[in-house]
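Note sheet for the following structure.
None of these values were measured; they are calculated from a predicted model. One is the number of the first residue; the rest follow in order along the sequence.
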Amino acid sequence: MYKIEDFRKINKSENIIISLHGQLRLYERNITVDDVIHTIDSGEIIEQYPKDFPFSSCLILGLSVNNVYIHVVVSMNNDKIYLITAYIPNQNNWEKDLKTRKGATK
C-alpha cells in the first residue's frame, strides 16, 4: 500500500514518467505536469489498486495550481513516479467529497 509521503519525497518533474495514455489525457484535459505535482503535494490517496500491472497504483485527489480538484492515477518505484492518467472528477461519478464513487458501498 502506498503512502502519500512516499510520492511527495520524489515529486519533481524529472522524476515523473508519463505513459503515452497519460500524455494524451493531460493534453485532452488541459492538465499540466505542474498540476500533477501540485495535486500530489496537496492531495491524499483515496483509492489503492494493488492488483494493477506492472505496478500497483493508487488514486490521489488534490488541487491543481489553479485550485481545481484533480484526480491522478500513479504508481511508483524507489525513485520514479509513473503517471497513468489525470482528470477532473465530475459529480456524475463521484459524491460531493470527490473521494467516494457514487454507488460505492463502504
Side-chain angles (χ1 to χ4, degrees):
M1 302 262 295
Y2 289 119
K3 296 179 185 162
I4 194 68
E5 297 81 16
D6 296 331
F7 285 97
R8 289 182 180 149
K9 287 177 190 173
I10 59 171
N11 190 28
K12 298 176 187 165
S13 61
E14 63 266 21
N15 294 334
I16 298 176
I17 297 173
I18 305 172
S19 69
L20 178 58
H21 173 83
Q23 291 173 26
L24 294 170
R25 297 303 166 257
L26 290 179
Y27 177 77
E28 284 177 351
R29 298 166 179 157
N30 293 317
I31 298 172
T32 67
V33 173
D34 286 340
D35 289 325
V36 171
I37 291 168
H38 200 269
T39 298
I40 293 169
D41 282 342
S42 67
E44 64 180 295
I45 296 173
I46 60 171
E47 291 183 356
Q48 301 262 359
Y49 310 121
K51 294 182 180 179
D52 276 2
F53 180 83
F55 303 111
S56 59
S57 65
C58 65
L59 176 63
I60 297 173
L61 168 65
L63 291 169
S64 73
V65 295
N66 294 318
N67 291 319
V68 173
Y69 282 103
I70 293 181
H71 281 171
V72 297
V73 179
V74 291
S75 63
M76 70 180 296
N77 64 15
N78 294 333
D79 59 353
K80 297 292 181 199
I81 294 171
Y82 298 90
L83 176 70
I84 299 160
T85 196
Y87 59 91
I88 298 169
N90 68 57
Q91 296 204 335
N92 292 331
N93 300 324
W94 296 91
E95 298 293 344
K96 289 182 183 182
D97 65 2
L98 301 177
K99 298 177 188 179
T100 308
R101 290 181 190 270
K102 287 200 171 172
T105 57
K106 292 185 178 185

Exercise for the section: Can you run down the salt bridge (Lys or Arg N to Asp or Glu O under 4.0 Å) pairs that involve residues 39-62, sequence neighbours left out, and say none if there aren't any? Expected result: E44-K99, E47-R101
Completion exercise
Only residue of I84, V72, V74 satisfying side chain to side chain contact (heavy atoms under 4.5 Å, CB included) with S57 is I84
Fill in the blank from the handout: In this structure, CZ of F55 is separated from CE of M76 (nearest 0.5 Å) by 11.0 Å
Fill in the blank from the handout: Of all heavy-atom pairs linking S56 and Y2, the shortest is O-OH, 2.8 Å
Handout entry: Partners meeting salt bridge (Lys or Arg N to Asp or Glu O under 4.0 Å) with E5 (sequence neighbours left out)
Key = none
Exercise for the section: Any pair with a residue in residues 61-86 that passes salt bridge (Lys or Arg N to Asp or Glu O under 4.0 Å), sequence neighbours left out, goes on the list, sorted by first then second residue, please. Expected result: none
Exercise for the section: Identify whether I37 and L26 are in the same connected component of the hydrophobic contact network (ILVMFWY, side-chain heavy atoms under 4.5 Å). Expected result: yes
Completion exercise
Those residues at least two apart in sequence (or on a different chain) that pass ring-ring contact (aromatic ring centres under 6.0 Å, His included) with Y87 are H71
Problem - Value rounded to 0.5 Å, distance of CD1 in I46 from CG in L98 - result: 8.0 Å
Completion exercise
The complete set of side-chain hydrogen bond (donor to acceptor under 3.5 Å, both in side chains) pairs with one or both residues in residues 23-39, sequence neighbours excluded, reads R25-E28, R29-T85, T32-D35
Practice task
Would you kindly confirm whether V73 and I4 end up in one hydrophobic cluster when ILVMFWY residues are joined by side chain heavy atoms under 4.5 Å apart?
Solution key: no
Exercise for the section: Rounded to the nearest 0.5 Å, what's the gap from CD on Q48 to NZ on K3? Could you check? Expected result: 10.5 Å
Exercise for the section: Using ring-ring contact (aromatic ring centres under 6.0 Å, His included) as the criterion, list what pairs up with Y49, not counting sequence neighbours. Expected result: none
Handout entry: Flag side-chain contact, heavy atom, 4.5 Å: I17 against L83
Key = no
Handout entry: Residue pairs, two or more places apart or on separate chains, that pass side-chain hydrogen bond (donor to acceptor under 3.5 Å, both in side chains) and touch residues 13-22
Key = none
Problem - Value rounded to 0.5 Å, distance of CD1 in I60 from OG in S42 - result: 9.5 Å
Handout entry: Considering all heavy atoms, the nearest S64-I70 contact
Key = CB-CD1, 3.3 Å
Problem - Gap between atom CD1 of I40 and atom CG of D6 - 0.5 Å precision - result: 12.0 Å
Problem - Partner set under side-chain hydrogen bond (donor to acceptor under 3.5 Å, both in side chains) for N77, not counting sequence neighbours - result: Y82
Exercise for the section: Mark yes or no for whether Y69, through its side chain, and D97, through its backbone, hold a donor-acceptor pair below 3.5 Å. Expected result: no
Exercise for the section: Verify the cluster assignment for F7 and V33: are they in a single hydrophobic cluster under the rule of side-chain heavy atoms below 4.5 Å apart? Expected result: yes
Exercise for the section: First locate atom CD1 of I16, then atom CD1 of I81, and finally report the distance between them rounded to the nearest 0.5 Å. Expected result: 5.0 Å
